[in-house]
Amino acid sequence: MSSRPALHFDADAPQLARELIGALLLVDGVGGLIVETEAYAMDDPASHSHGGPRPRNRSMFGPPAHAYVYRSYGIHWCLNVVCREAGHGAAVLIRALQPTHGVALMRQRRGTENERLLCAGPGRVAQALGITQAHDGLPLDQPPFELRPPDHPVEVVTDVRIGISKAVELPWRFGLAGSRFVSRPFPRETTGA
DNA sequence: CGACGGATCCTCT
DNA sequence: GAGGATCCGTCGT
């Protein structure tokens, strides 16, 4: 399947997750091309929004095209793009980037020289881009964020989501076909395009 | 009020 | 492949 060069923040999470593959994500000019995402919906036992709004997940129920940032395992920050409409509790987790802008700074923040591992995983993405709870709820179309759709259609592959224990069968992980910057390989690199 | 467990990452084997 | 680090929202008693 090919995703078209447009970002529909009012779409449901799986569609936006697909559209975000190949998009450019920057924070203060640092970042890269999105190569891996996951979709989370309200009627989705694996989603933080499952069960309705709470203080912790309030950004997930806020306006679309804004950030939902949460702390993972008490250590890492992870960035989501809120979608649909306010109240739906749908979002797309940014799982991996192909580093393109500010690589030296990302290396410094991450403490590694391995470019393949700079942004390969949601915690690594946040660390490389300097994302913290301070970014929770901020609009992604304004500084310090910059989010631009892909320049051209890209080939997207899918798989089940990673690290969850509920709704494990949903094929809601999306990746850029053939990318070496994903957090984990996709089982099949062929799609119908 | 105590316990649990997670949309993870790193190190060591 | 396994286990530890380390925070805090959520839930059970």
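Keep in mind the model is a prediction, meaning the values are calculated, not measured. A note on names: the letters A, B, ... follow the listed sequences, proteins ahead of strands, and every chain is numbered from 1.
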inquiry  = Quick test of your reading of the model: are A:Glu38 and A:Arg95 salt-bridged, counting only N-O distances below 4.0 Å?
reply    = yes
message = Nearest heavy atom decides the nucleotide; on that basis, is A:Ile164 or A:Arg110 closer to the 5' end of DNA chain B?
response = A:Ile164
key: Given A:Asn80, A:Asp12, A:Leu16, the one that forms side-chain contact (heavy atoms from CB on, under 4.5 Å) with A:Val92   = A:Leu16
A:Val27 vs A:Leu79 side-chain heavy atoms within contact, under 4.5 Å = no
Under 4.0 angstrom between A:Arg54 side-chain N/O and C:dC11 OP1 or OP2 = yes
Nearest-angstrom distance from the residue atom OH of A:Tyr73 to P of C:dG9 = 17 Å
Atom pair CH2 (A:Trp172) and CG (A:Leu93), whose distance is rounded to the nearest 0.5 Å = 13.5 Å
query = Quantified in whole Å, what is the C1' atom distance between nucleotide C:dG3 and nucleotide B:dG5?
reply = 16 Å
message = Within the 4.0 Å heavy-atom criterion, would you say A:Ile75 contacts the bases, only the backbone, or no part of the nucleic acid?
response = base
ask   = Any link between A:Ile164 and A:Ile162 through a network of hydrophobic side chains (Ile, Leu, Val, Met, Phe, Trp, Tyr) touching at under 4.5 Å?
value = no
note = To the nearest angstrom, the OH-P distance between A:Tyr70 and C:dT10 comes to 15 Å
key: Atom P, compared across C:dG4 and B:dC4: separation rounded to whole Å   = 15 Å
note = Comparing A:Val125 with A:Ser165, nearest DNA chain B nucleotide closer to 5' gives the residue A:Ser165
message = In this structure, would A:Val125 and A:Tyr70 fall into the same cluster of hydrophobic residues linked by side-chain contacts under 4.5 Å?
response = no
A:Gln142 atom CD, neighbour heavy-atom count above 12 within 6.0 Å = yes
ask   = Going 5' to 3' on DNA chain B, which nucleotide is the first and which the last to come under 4.0 Å of a heavy atom in chain A?
value = B:dG6 to B:dC10
message = If I take atom CZ from residue A:Arg180 and atom CD from residue A:Gln98, how far apart are they, to the nearest 0.5 angstrom?
response = 8.0 Å
query = Only one of A:Ile34, A:Leu24, A:Leu26 forms a side-chain contact (heavy atoms from CB on, under 4.5 Å) with A:Leu147, so which one is it?
reply = A:Ile34
ask   = For DNA chain B, what string of dots and brackets results from 5' to 3' when Watson-Crick and G-U pairs need both distances under 3.5 Å, crossing pairs get [ ], and pairs with another strand get |?
value = ||||||.|||||.
